[in-house]
Amino acid sequence: MTTSQTTLRSIALAQPATIRVFERFHLDYCCGGNRPLAEACAQKGISADDVLAALAQATAAPEPAGDFTQAAPSELIRHIVSTHHAYVRSELPRLLPMAARCATKHGPAHPEVVQIERQLRQLGDELLNHLTKEEIILFPYIEALEKFHNGDGPAPHACFPTVESPVQMMLTEHEAAGALLKEMRAATNNFAPPADACPTLVGLYDGIDAFERDLHRHIHLENNLLFPLAVALEKQLVVAH
Ligand SMILES: [Fe+2]
Ligand SMILES: [Fe+2]
């Protein structure tokens with residue numbers, strides 16, 4: 001059980017999800033983390049109780065994902081953007097600097113950490129581009145299709161022949177992202193940190209593991225629910241014309 005006398009380092013190692021809290025409070029859990037939480041908080045002039053409450057919240061069971069099987073496309077889009085796109089955009093700036101630090105520190109003894117850093121950067125670049133395409137081109141078109149279908153707007157005009165072409169592009173990009181994460185998982189024996197890993201590396205692998213889980217849920221909502229709905233809506237539009 002975590003108390004104010006537990007060291008930051010052992011809290012971070014036992015429950016890497018707590019690293020987000022330490023970062024938020026600017027508490028060093030890694031190289032300088034070998035001291036009790038109470039002492040670290042006193043030095044920073046922050047309340048150990050506040051940090052303990054935030055730690056408990058960070059390690060609580062996540063909210064179960066909602067059931068979107070009956071959701072309208074616009075509802076799915078709102079959820080995907082506010083939950084999954086927001087997660088990608090908040091996690092990458094957290095994980096990338098951790099990866100850079102770990103590659104420098106652990107790269108000489110564990111070359112796979114250098115590979116992880118390179119592949120995480122590649123994944124980040126590709127994914128951010130991907131989210132922008134969805135938010136600027138594909139999702140607004142799907143929302144317009146739904147509005148038209150509901151008699152709430154004009155027939156949408158697209159810069160592509162059918163919605164199936166951007167959908168196909170998104171499916172291909174989803175596969176590429178999934179394949180990169182699979183390679184990273186294989187190179188690290190399922191994101192198992194080496195025995196001599198510092199808390200930052202433990203946190204990095206835990207963070208990428210969670211990132212992959214979130215990406216799978218995100219891709220499931222798009223591939224299996226949103227995109228088929230968009231294709232079906234567009235077919236009705238063609239029939240209506
Ligand atoms: Fe997406
Ligand atoms: Fe996507």
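All ligand and atom numbering here is 1-based and tracks the order in the structure.
Rounded to 10°, the angle formed at the Fe ion (ligand 1) by NE2 of His218 and NE2 of His85 is 90°.
By the 4.0 Å N-to-carboxylate-O rule, Arg213 lies close enough to Asp209 to be salt-bridged with it. Ionic pairing of Lys133 and Glu173 is present here: one or more N-O contacts between side-chain nitrogen and carboxylate oxygen are shorter than 4.0 angstrom. Classification of Arg94 and Glu91 as a salt-bridged pair holds, one side-chain N sitting under 4.0 Å from a carboxylate O.
Among the atoms of His174, an N, O or S atom is found under 2.8 Å from the Fe ion (ligand 2). The Fe ion (ligand 2) has an N, O or S atom of Glu222 inside 2.8 Å of it.
The name of the N, O or S atom in His130 nearest to the Fe ion (ligand 2) is NE2. Closest N/O/S atom of Glu134 to the Fe ion (ligand 2): OE2.
Side chains of Tyr141 and His157 form no contact here, defined as non-hydrogen atoms less than 4.5 Å apart.
Looking at Asp67, its side chain does come within 3.5 Å of a backbone N or O of Thr69 through a donor-acceptor pair.
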